[in-house]
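Written out below as structure tokens is the structure these notes cover.
Each chain gets a letter, A, B and so on, in the order its sequence line appears, and its residues count up from 1. Not measured: the values here are computed from a predicted model.
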2 protein chains.
Amino acid sequence: MKRWTLEEIGKLAGVSRSTVSRVINNHPNIRPNVRERVQQVIAETGYQPNSAARSLVSNRSRIIGLFMPSVLRSAFTDPYYPQIIQAISHACNQNDYIVSLFLSQTVEEESKMIQRIVGSGVIDGLIITAEHTDTSFIPTLQAYDIPFVQIGRPHDTTKDDISYIDVDNYAGAHYATSHLIQQGHRRIAQIATIYNTAGVDRDRGYRQALVERGIAVDEELIEVGDFSETSGYEAMQRLLLKKPTAVFVQSDSMAIGALRALHEVNIQVPQDVAIVGFDDLPSASQLSPSLTTIRQPIYRTGTLAVETLIDILNTSKEPVRRIVLPVELVIRSSSMAN
Amino acid sequence: MKRWTLEEIGKLAGVSRSTVSRVINNHPNIRPNVRERVQQVIAETGYQPNSAARSLVSNRSRIIGLFMPSVLRSAFTDPYYPQIIQAISHACNQNDYIVSLFLSQTVEEESKMIQRIVGSGVIDGLIITAEHTDTSFIPTLQAYDIPFVQIGRPHDTTKDDISYIDVDNYAGAHYATSHLIQQGHRRIAQIATIYNTAGVDRDRGYRQALVERGIAVDEELIEVGDFSETSGYEAMQRLLLKKPTAVFVQSDSMAIGALRALHEVNIQVPQDVAIVGFDDLPSASQLSPSLTTIRQPIYRTGTLAVETLIDILNTSKEPVRRIVLPVELVIRSSSMAN
DNA sequence: CTGAAAGCGCTAACAC
DNA sequence: GTGTTAGCGCTTTCAG
């Protein structure tokens, strides 16, 4: 299959290369019959513009990068990632963009990657997942004027020049904890995380909900995990010594681990210990017992990240976009005493 | 941060643009002190070649595509995908390639995508996961001379012009089934899949193992799933009516569903029914009971796919590469009667 | 060993 | 409305 050029298509259609270019780019002032003739030839030949040539002259590649910094090999298997990747990929297609994937496992790899991405002009913009608190590469992006949007609230809220899409982690944790209080629980433990702002916000929501109902926060009842199932399992084992009657777990994958820990020592959920998770992963409804959790709109988050970035690309970087999506308490068996 | 051009770097270093280009591309015949002076300027300025210009003149983008056709929204959450994606991403980085992601959900989307990919020359080559049996896009790739390697054996084995990386699905299923026979089982059911060649090969291995030990294959004992946990759950429920004493499940995610189905009706594993899975997902060892399974080298598969593709890119398409990686039986609790 | 110059395929300013 | 032309930043002959 031959690769055609504008010049050749022009010759076949009996017009100049510019006219063909205009037809392709939908310029208004083309005589209808010329336009039609050209389109005919394009259809027959299957001509498609060379993207390198286009990028070179327009300074736009129509490629956006999805940058996921320091994703641990194990944590990446959390179903959150496939979902967000799928959403982003799909939204890019819809908008005729291509998405390139950048996964780094160490901080050094990360900065090398950023250099490569930023300097060569391969990508028009970047979507960044706010995986951890080290965001030392952000100044580089800003220095090079690479538009980007972050998924998840930025760590440093004093600088408010970063566009982001977040879900309402604070409210979610507050719903979850309040729900447990309403069920009559007082010794409500938490399996927390400390790696990103989602964890920070969920922790705040948990604490605030307790305080509002006059329950003192007991630091003994807070254990830390890293979003992996194993870490949830281990955190639950530690918590068992403290005899909580309920646990708010900051992610469903850790909640699955926690359930396993309880199951192994024959503690009944929800009768002996109630559990609420966070994410509403596909499997949450299929666990036994089915998992009460906070549903966050993962797919929508990915879609919005793409649309926001493209909007920034097409207009300007101002104003900064900040979007916080609502979450929802989904009550299932793991928290219902009756 | 300014974006420099070759010309400017040349001026700063007191040489021509060609010399700078030669330094960057490691051409041999450059006087050492000139080379050094140029490298100095490059380091100081942080110069990086514009990739669009490079692609235009060299016909190479250093981008490879990862094409996953018709991935169901749910099936994509199988931890297999994150693992293979991570491996491919990492291997690309190592080789200074960028990976772009193409996920299609329908066949129409798929062919649109392929058109876009091949025609515009954005990518140098493609890695394709052999998700389903419809590979109608392959002729297009061949017509456009896009190098590609497939992950998983191609469906049509009569045409042997496709390079691929596969794991030994036949042997794996044979190991699994033989192991169950060795444990004394005779009524060995299978939860199979029918969507790709992996399923076909695993089915063959299962059947062959039975036949070799003089056990007739009972079609009643074979149920079909689609790799999802839910489908494994449902298939197991159907199988229960046939009272098997052991089940070979073609994927760990389906095995997890099967275990759940057994657990719900209080059937003990492995005492009442033994289970063997396939994949050795990270969670396989952490189930209760821990899952006997076939370990396949997912990460290695991804790495090899990238390396093979790059090799093809750098040399020629001949000879066709066919790699089949060995698998391994990992015996855990779910199959051990004693 | 290095520089000058052509040209990759496209867009857009400028003529007509 | 349409053609002509310059030029995006790079690699690569071809001279010297």
Considering only heavy atoms, which members of residues 30-44 of chain A lie under 4.0 Å from some atom of DNA chain D?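 Listed by number, they are I30(A), R31(A), V34(A).
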Reported CD1-to-CG distance for the pair I64(B) and N95(B), which is rounded to 0.5 angstrom: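 Between I64(B) CD1 and N95(B) CG, I get 8.5 Å after rounding to 0.5 Å.
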Inter-residue atom distance T308(B).OG1 - L313(B).CG, 0.5 Å rounding: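 It comes to 11.5 Å.
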Can you tell me if T45(A) uses its side chain to pair, donor with acceptor, with the backbone of V41(A) under 3.5 Å?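 The answer is yes, because a donor-acceptor pair under 3.5 Å joins these two groups.
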Short question: side chain of Q40(B), backbone of E36(B) - any donor-acceptor pair under 3.5 Å?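 Not at all, since once roles are kept as given, no pair shorter than 3.5 Å links the two residues.
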So if I define the base as every atom that isn't primed, P, OP1 or OP2, how would nucleotides 8-16 of chain D read as a B/S/- string at a heavy-atom cutoff under 4.0 Å? BBBBBB---
Taking 4.0 angstrom as the limit, do [X] and [Y] come out as a salt bridge?
X	Y	result
R62(A)	D124(A)	no
R116(B)	D96(A)	yes
R17(B)	E8(B)	no

Would you say T19(A) reaches dG3(D)'s phosphate, i.e. side-chain N/O to OP1/OP2 under 4.0 Å?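 Answer yes for this pair, as a side-chain N or O of T19(A) is under 4.0 Å from OP1 or OP2.
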Is the phosphate of dC1(C), meaning OP1 or OP2, less than 4.0 Å from a side-chain N or O of N29(B)?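 True: N29(B) side-chain N/O within range (under 4.0 Å) of dC1(C) OP1/OP2.
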Side chains of N59(B) and R3(A), donor plus acceptor under 3.5 Å: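 Checked: N59(B)/R3(A) side chains show no N/O donor-acceptor pair below 3.5 Å.
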